[in-house]
Amino acid sequence: MEKAYDPKSIEQNLYKTWEENDYFSPKGGDNSYCIMIPPPNVTGSLHMGHAFQHTIMDALTRYHRMKGDNTLWQPGSDHAGIATQMVVERLLDKEGKSRHDLGRDAFIDKVWEWKEHSGGTITRQMRRLGDSCDWSREAFTMDDDLSNAVLEVFVRLYEEGLIYRGQRLVNWDPKLLTAVSDLEVESHEENGHLWHLKYPLSDGSGHLVVATTRPETMLGDTAVAVHPDDERYQHLIGKTIKLPLTDREIPIIADDYVEKDFGSGCVKITPAHDFNDYEMGQRHNLEMINILTPTAHISDAAPEAYRGLDRYEARKKIVEDFEQLGLLEKIEPHKLKVPRGDRSGVVIEPYLTDQWYVKIAPLAEPALKAVKDGDIKFVPENWSNTYYHWMENIQDWCISRQLWWGHQIPAWYDNEGNVYVGRSEEEVRQKHNLGDAELRRDEDVLDTWFSSALWPFATLGWPEETPELETFLPTSVLVTGFDIIFFWVARMIMMGLKFTGKVPFKEIYITGLIRDEHGQKMSKSKGNVLDPIDIIDGIDIDSLVDKRTTGMMNPKDAEKIAKRTRKEFPEGIAPYGTDAMRFTFCAMASTSRDINFDLNRVEGYRNFCNKIWNAARYVLMNAEDQDTGIKGGDMTLSVADRWITSELQKTITEFEKAVANYRFDLASNALYEFTWNTYCDWYLELSKPILYGDEYSDAEKRGTRHTLVSVLETLMRLLHPFMPFITEEIWQRVAPLTGIDTTEHSSIMLQAFPVSETDLIDDKAEQDIEWLKTIIVGVRNIRGEMNIAPGKPLNVLFRNGSEQDKSRLASYRTFLSKLAKLESIEWLEAGQEAPMSATALAGKMEILIPMAGLIDVEQEMARLGKEKEKLEKEQQRISGKLSNKNFTDKAPEAVVNKEKEKLEEVESTLNKVAEQIKQLESL
RNA sequence: GGGUGGUUAGCUCAGUUGGGAGAGCAUCGCCCUUACAAGGCGAGGGUCACUGGUUCGAGCCCAGUACCACCCA
């Protein structure tokens with residue numbers, strides 16, 4: 001084995017072997033376990049959030065596979081309508097073409113071509129992460145099977161009246177020229193203005209003042225509203241306004257939606273361009289005037305002077321015209337929430353169009369109930385409240401998009417404008433006896449999330465009744481971020497219940513978001529993005545800077561980012577390997593809080609990998625080609641052997657408990673702690689005296705070799721779900737030494753997960769080792785504090801030992817001598833004069849290190865002084881507690897007794913320390 | 001405006017029936033000891049945001065305040 005762990009040399013080969021041997025497909029027993037991947041966009045590459053979630057999913061998948069479950073991790077990707085279409089359009093743009101130059105069919109061919117060409121990025125990355133998903137089942141939302149499921153769902157919902165077409169206000173993206181759903185709109189506060197406009201009354205008796213953040217919409221005003229109880233305007237209700245810049249007269253109406261205290265208390269109403277005004281327009285039967293074109297220019301419905309102007313040019317001109325007419329009262333700076341398209345970034349316009357909608361209330365009700373009844377459980381639980389709140393206020397879902405890339409809506413129109421919905425044109429003609437009448441298919445496609453909503457059952461073969469559907473639905477757990485609970489999770493639940501009668505998954509594990517080490521969101525524009533692959537393979541600083549700064553809109557930002565990046569990573573990023581990164585994610589995955597990703601943590605866990613690697617080296621050096629007991633022969637287990645085996649059982653139990661609660665952080669800690677602080681720091685050291693010492697028998701050496709390899713072999717299986725590569729590599733070498741035939745059992749990933757055996761728990765061994773550790777640590781402490789070289793052999797004296805201490809020393813003298821580097825250990829009889837010594841305590845027993853030529857008196861005084869101070873504080877605290885009658889009366893007896901014992905112990909220790917100090921002082 | 005989460009060591013974070021404040025990294029000291037210097041051994045470092053309450057006892061429970069983050073209107 002190489003002296004240092006080198007992930008590069010092992011990872012990719014191992015993955016290839018696993019995949020070629022078809023280890024990823026389900027082949028377990030009766031219990032099925034299934035995770036559906038949240039399908040990433042084909043456009044994209046995996047970011048840190050994916051890497052995090054994939055680590056969790058893969059850990060769960062590997063864990064359950066090893067437990068013998070029939071385990072499927074279903075992979076696939078999403079066609080991501082808008083995002084993908086934008087990417088391809090941008091490519092066309094570089095050739096100076098638009099999609100319209102190509103035409104719909106040619107454009108779609110182009111998208112497919114692009115997908116074939118560059119859609120493999122994600123699956124390649126997933127392989128690098130070690131994702132053990134069943135690639136033979138890889139799905140894509142635009143595949144024939146899934147497209148059929150989409151058709152089927154659309155038609156059935158339509159036939160039930162749950163899909164309808166209607167003219168309403170939608171969120172219109174004037175750049176992408178499509179409707180988008182509420183969820184695709186992001187509103188953020190921006191600085192704007194509030195324009196106060198004077199609207200003259202028709203009878204010439206004065207004017208009202210209305211305030212607006214969008215003056216251009218006044219061209220579409222069809223009323224002015226006041227609050228019905230507002231005394232100031234009572235007499236005006238029912239009168240009319242002469243709308244400036246137009247020749248229209250509009251009514252003054254009363255509606256209690258109006259806030260009396262905001263602005264003048266008068267509100268201009270533009271039903272065709274504002275959601276609230278739309279509602280009010282419905283209530284009051286107001287005319288709707290659509291003054292915008294799809295590209296947000298002023299339409300022909302407006303006075304000629306403004307037609308064809310861009311919305312912001314029109315705004316400017318209208319304000320100027322008001323001013324000229326003396327009708328501009330004032331302009332105030334104003335902060336407002338500006339809605340922007342999450343893809344295009346342009347300001348969204350509420351816009352009146354024909355769109356398709358899903359009537360959501362009938363679907364939402366059972367979906368709400370499923371969570372309330374506990375058929376679906378959120379982890380952590382508090383996300384269910386967010387879910388309830390959303391589901392109880394859910395609006396109908398606009399599902400049509402004016403795009404080309406996606407599932408085209410299966411609706412046809414005849415020349416009279418009738419609409420027919422069916423699985424195909426043929427079916428429609430037949431069903432409605434249309435003969436060969438001219439039919440035109442609806443050009444729109446469905447919202448990407450429509451097909452995503454069917455993902456859990458469509459990938460398993462629905463609408464066919466497949467065995468997979470029977471076996472894996474409901475799936476076990478969905479692992480995802482809270483940002484798509486509404487986009488995706490809720491819709492899967494609704495559709496799943498509707499079409500399969502089953503919940504799509506039993507649990508939803510909500511992960512936190514990955515942020516940078518300062519808690520900033522990772523984004524291209526901030527230049528703080530980390531690519532998981534760069535953490536695995538490493539990257540030099542120049543390449544990293546290039547990566548972060550290419551394609552920046554603003555060259556100034558690029559400069560800033562380059563500078564910051566160079567400062568933060570002067571040497572670039574070291575290659576940490578997949579396992580180190582995965583373990584980092586696991587270790588940081590506490591209860592769905594956001595995670596500030598710190599590369600220092602990765603480095604720490606890379607070191608952990610190296611520790612494991614070297615522990616394995618040590619074990620192999622001492623066990624390979626040697627007698628590990630698999631061929632029989634007497635075997636005697638030492639106290640250390642029994643102890644480490646006992647500790648291992650406890651670690652397994654702890655791990656199981658943590659994973660059952662999705663506490664991967666606690667699980668990782670248990671593994672880390674056992675591996676490093678227990679197995680490496682103590683057990684491997686304890687094994688050395690036995691293996692290297694002449695005083696131990698063959699049976700004892702055999703027992704220790706056996707324990708070394710069997711604990712390591714078990715530990716590899718325990719670690720495997722989190723660190724698949726290094727554990728496989730080591731297991732392949734260690735397993736044969738435990739008698740496992742690796743030609744038959746070819747991979748750790750198909751081995752059984754360790755089971756904790758309670759009869760291997762050994763309290764006596766644990767106490768004995770505890771005793772050993774106390775003494776060794778005591779001696780080391782003196783060495784450390786006194787600056788005595790670790791290698792310098794010491795003579796020690798024990799005093800005031802009990803019978804147990806004496807028998808322990810008799811049994812474990814070699815361990816003590818070797819681990820504490822002692823030359824001699826001798827008993828001092830009670831009352832026997834001790835030489836001047838530094839002391840430590842193991843219970844009541846004193847450990848004395850004679851100081852002649854070794855120890856500085858003042859230093860030892862200082863050390864003991866510190867010790868004394870600590871003990872006195874503790875003594876004070878406890879005795880204070882115990883002298884409080886309230887405490888002794890009211891606290892449970894067990895607690896009080898515990899405190900009493902503690903006090904006794906502290907006081908006896910304190911006495912001994914004080915005695916030592918006195919002795920030193922007397923010199 | 002409504003809601004959710006957070007505030008613990010210099011940094012990143014654990015702390016699950018309320019009963020001795022923890023880890024990793026960073027810092028300091030000693031050591032290249034025959035698995036590992038990506039290491040070993042030891043040490044220092046915290047009014048657990050603030051105020052009040054419940055309790056014999058609060059990092060933990062309750063009320064309020066401040067600040068931060070996110071979601072919704």
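Because only heavy atoms are used, hydrogens play no part in the values below, and waters and symmetry mates are left out as well, while side chains stay in. Not measured: the values here are computed from a predicted model. We name chains A, B, ... by the order of the sequence lines, and we start the count at 1 in each one.
- The same atom, C1', is picked in B:rC32 and in B:rG39; the two are 9 Å apart, to the nearest Å.
- For A:Tyr692 and B:rA35, the shortest distance from a side-chain N or O to OP1 or OP2 is below 4.0 Å.
- Closest to the A:Asp681 side chain, of the nucleotides B:rC41, B:rC11, B:rG42, is B:rC41.
- Across all strands shown, B:rC72 is found opposite B:rG1 as a Watson-Crick or G-U wobble partner, with both distances under 3.5 Å.
- For the pair A:Lys611 and B:rA38, the criterion of a side-chain N or O lying under 4.0 Å from OP1 or OP2 is not met.
- Taking the ring axis of A:Tyr5 as reference, the NZ or CZ atom of A:Lys611 does not stay both within 45° of it and closer than 6.0 Å to the ring centre.
- Aromatic rings from A:Phe482 and A:Tyr387 are positioned such that their centres are separated by 6.0 Å or more.
- Within the 4.0 Å cut-off from OP1 or OP2 of B:rA21, not a single side-chain nitrogen or oxygen of A:Arg877 is found.
- Contacts of A:Leu620 with the nucleic acid, taken as non-hydrogen atoms under 4.0 Å apart, are absent.
- Using a 4.5 Å cut-off on side-chain heavy atoms (C-beta onward), A:Phe722 and A:Thr55 make no contact.
- Heavy-atom distances to RNA chain B give each of A:Lys870 and A:Lys898 a nearest nucleotide, and the one nearer the 5′ end belongs to A:Lys898.
- Judged by atom type and distance alone, A:Lys866 does not reach the base of B:rA43 through any side-chain donor-acceptor pair under 3.5 Å.
- Pair check for B:rA23 finds B:rU12; Watson-Crick or G-U wobble, both atom distances under 3.5 Å.
- Donor-acceptor pairing under 3.5 Å is lacking for the side chains of A:Asp665 and A:Ser668.
- A straight line from CD of A:Glu603 to P of B:rU12 spans 17 Å, rounded to a whole angstrom.
- For A:Tyr387 and B:rU4, the OH to P distance is 19 Å, given to the nearest whole Å.
- Contacts of A:Cys680 with the nucleic acid, taken as non-hydrogen atoms under 4.0 Å apart, include base atoms.
- Of the P atoms belonging to B:rC60 and B:rG2, the separation is 26 Å, rounded to the nearest Å.
- If you check B:rC56, B:rA43, B:rA38 against the side chain of A:Ala891, the one that comes closest is B:rC56.
- A:Leu819 places its CG atom 15 Å from the C1' atom of B:rU34, with the value rounded to the nearest Å.
- A:Tyr683 and A:Tyr679 have parallel rings, their planes meeting at less than 30° on a 0 to 90° scale where 60° marks the start of perpendicular.
- Within 4.0 Å (heavy atoms only), A:Asp889 reaches no atom of the nucleic acid at all.
- Looking at the side chain of A:Lys3, the nearest of the listed nucleotides B:rA69, B:rA37, B:rA35 is B:rA37.
- Nucleotide B:rG39: paired with B:rC31 (Watson-Crick or G-U wobble, both distances less than 3.5 Å).
- Close to B:rG39, at under 4.0 Å from its OP1 or OP2, lies no side-chain N or O of A:Asn614.
- Comparing the C1' positions of B:rG44 and B:rG1 gives a spacing of 49 Å, expressed to the nearest Å.
- Base contact: A:Lys688 has a heavy atom under 4.0 Å from a base atom.
- A salt bridge is defined here as a Lys NZ or Arg NE, NH1 or NH2 lying under 4.0 Å from an Asp or Glu carboxylate O, and A:Arg606 with A:Asp579 fails to meet this definition.
- Here A:Asn385 does not reach the OP1 or OP2 of B:rU4: none of its side-chain N or O atoms lies under 4.0 Å away.
- Atom NZ of A:Lys902 has more than 12 neighbouring heavy atoms from other residues, nucleotides or ligands inside a 6.0 Å radius.
- Between the P atoms of B:rC41 and B:rG46, the separation comes to 25 Å (whole Å).
- The shortest distance between the side-chain N/O atoms of A:Lys657 and the OP1/OP2 oxygens of B:rU16 is not below 4.0 Å.
- Counting only heavy atoms from C-beta on, A:Arg663 has its side chain closest to B:rG15 among B:rU12, B:rA35, B:rG15.
- Across the C1' atoms, B:rG19 and B:rC28 are found 34 Å apart, a figure rounded to whole Å.
- Among the protein residues, A:Glu685 comes within range of the nucleic acid bases, having at least one heavy atom under 4.0 Å from a base atom.
- Across all strands shown, A:Ile878 has no heavy atoms under 4.0 Å from either base or sugar-phosphate atoms.
- Residue whose closest nucleotide on RNA chain B sits further toward the 5' end, between A:Tyr5 and A:Thr386: A:Tyr5.
- Contact annotation: the side chain of A:Leu864 approaches that of A:Thr839 to within less than 4.5 Å [non-hydrogen atoms, C-beta and beyond].
- Checked against B:rG39, B:rU4, B:rG20, the side chain of A:Asn382 finds its nearest nucleotide in B:rU4.
- Residue A:Phe887 has its side chain nearest to B:rG19 when only B:rC70, B:rA14, B:rG19 are considered.
- Here the separation of B:rU12 from B:rA49, taken at their P atoms, is 15 Å to the nearest Å.
- Rounded to a whole Å, the CD1 atom of A:Ile595 is 11 Å from the C1' atom of B:rU12.
- Across all strands shown, B:rC60 has no partner, as no Watson-Crick or G-U wobble contact with both distances under 3.5 Å is found.
- The CD atom of A:Glu901 lies 7.0 Å from the CG atom of A:Asn897; values are rounded to the nearest 0.5 Å.
- Taking only side-chain atoms of A:Leu666, from C-beta outward, the nucleotide of B:rA38, B:rG42, B:rA14 with the closest atom is B:rA14.
- Of the P atoms belonging to B:rC61 and B:rG18, the separation is 8 Å, rounded to the nearest Å.
- Put simply, A:Trp676 has a side-chain N or O that comes within less than 4.0 Å of OP1 or OP2 on B:rG40.
- Remark: the separation of the P atoms in B:rA9 and B:rA14 is 12 Å, to the nearest Å.
- Across all strands shown, B:rC67 pairs with B:rG6; the Watson-Crick or G-U wobble distances both stay below 3.5 Å.
- At a threshold of 4.0 angstrom between heavy atoms, the contacts of A:Arg780 are confined to the sugar-phosphate backbone, with no base atom among them.
- Between the P atom of B:rA26 and the CG atom of A:Asn600 lies a distance of 7 Å, rounded to the nearest Å.
- Note: CG (A:Asp274) to C1' (B:rA73) measures 14 Å, nearest angstrom.
- The distance between atom CD1 of A:Ile782 and atom P of B:rG42, rounded to the nearest whole Å, is 13 Å.
- What separates CD of A:Glu392 from P of B:rA73 is a distance of 15 Å, to the nearest Å.
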